[in-house]
Every structure is written in C-alpha cells, then in structure tokens.
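All remarks here apply to the structure that follows.
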Amino acid sequence: MKFKSLFTFKYARVVYGSIILVIGAVAMLFPVIPMGYVGVFVGSYLLHHKVPFLERVMNWLRKKDEKGRLQRFEDKVERFFQKENNP
C-alpha cells in the first residue's frame with residue numbers, strides 16, 4: 001500500500017477533516033497547546049464541501065482575502081488529496 005493511497009480514497013477529506021477538527025477542538029481546551037485554532041481551521045476547510053454552514057463561512061473568507069492566501073492554501077490541499085495516476 002502506497003503512502004499516497006491513504007489520502008486518495010473516496011471519503012479521505014471527510015475522515016481526516018473530522019479527525020483534525022476534533023483534535024483541534026480538544027487542543028483549544030488546553031492553553032498550553034496553541035495549535036488548536038489551526039486544527040479547527042484546517043478541519044473546517046476539509047469539511048466545507050459537505051457542511052453548508054462551513055461552505056458559507058469559506059465563501060465569506062474568500063471575499064475578505066485580498067492577498068489570495070486562501071486560494072494558495074486551497075490549491076495545495078487539492079493537489080495533496082488529488083488522485084495520482086502516475087507511479
């Protein structure tokens with residue numbers, strides 16, 4: 001089993017988005033772990049295709065982002081979860 005195949009199965013974004021969101025939410029409860037907000041943001045981004053509320057939030061963030069940072073982040077995530085046909 002290739003490492004890349006762990007991220008290209010049908011529900012990879014939902015599974016990993018849910019896990020990261022829960023870990024981020026738990027990490028926010030402990031003030032010594034400052035990465036909780038990052039986990040919540042990344043998990044929310046991965047789930048925004050399935051959750052309508054998160055889709056609206058992402059659309060609002062796209063309108064507010066003048067420097068295009070969100071678009072660059074989206075491109076990197078899409079390339080990571082994209083199925084790779086070449087060995």
Side-chain angles (χ1 to χ4, degrees):
M1 179 180 228
K2 293 175 21 178
F3 177 73
K4 186 71 175 174
S5 65
L6 291 174
F7 299 100
T8 57
F9 63 93
K10 186 174 180 180
Y11 296 106
R13 291 178 72 125
V14 175
V15 170
Y16 295 124
S18 300
I19 291 170
I20 292 170
L21 185 68
V22 168
I23 290 172
V26 169
M28 286 175 56
L29 298 175
F30 300 104
V32 295
I33 305 173
M35 297 303 290
Y37 296 104
V38 174
V40 169
F41 176 74
V42 171
S44 298
Y45 173 75
L46 291 174
L47 292 173
H48 86 274
H49 295 291
K50 300 287 184 185
V51 181
F53 169 73
L54 294 175
E55 180 69 35
R56 290 192 299 271
V57 170
M58 291 304 291
N59 287 335
W60 179 78
L61 286 173
R62 282 185 196 105
K63 290 178 188 175
K64 295 290 184 182
D65 184 25
E66 296 175 356
K67 295 184 179 181
R69 289 185 214 132
L70 186 59
Q71 184 61 43
R72 288 193 302 269
F73 176 74
E74 288 176 346
D75 292 341
K76 288 179 184 178
V77 171
E78 291 301 323
R79 275 187 271 139
F80 188 75
F81 281 99
Q82 191 176 60
K83 288 191 178 183
E84 188 175 291
N85 294 330
N86 299 328

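Since the model is a prediction, treat every value here as computed from it, not as a measurement.
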* Do you know the tightest heavy-atom contact between Ala27 and Gly36? -> CB-CA, 3.7 Å
* Using the ring of each side chain (for Trp, its six-membered ring), is Phe41 parallel, tilted or perpendicular to Phe73, with breaks at 30° and 60°? -> tilted
* **Leu21 to Val40 - nearest heavy-atom pair and separation** => CD1-O, 3.6 Å
* Asked: What residues, two or more places apart in sequence or in another chain, satisfy side-chain contact (heavy atoms from CB on, under 4.5 Å) together with Lys64?
  -> Trp60
* Drop me the distance from Leu70's CG to Asp75's CG, to the nearest 0.5 angstrom. => 9.5 Å
* NZ-CG distance between Lys67 and Asp65, expressed to the nearest 0.5 angstrom -> 9.5 Å
* To do: Name all residues meeting the side chain to side chain donor-acceptor pair (under 3.5 Å) criterion together with Glu74; count only those two or more places apart in sequence or in a different chain, and write none if there are none.
  => Arg62
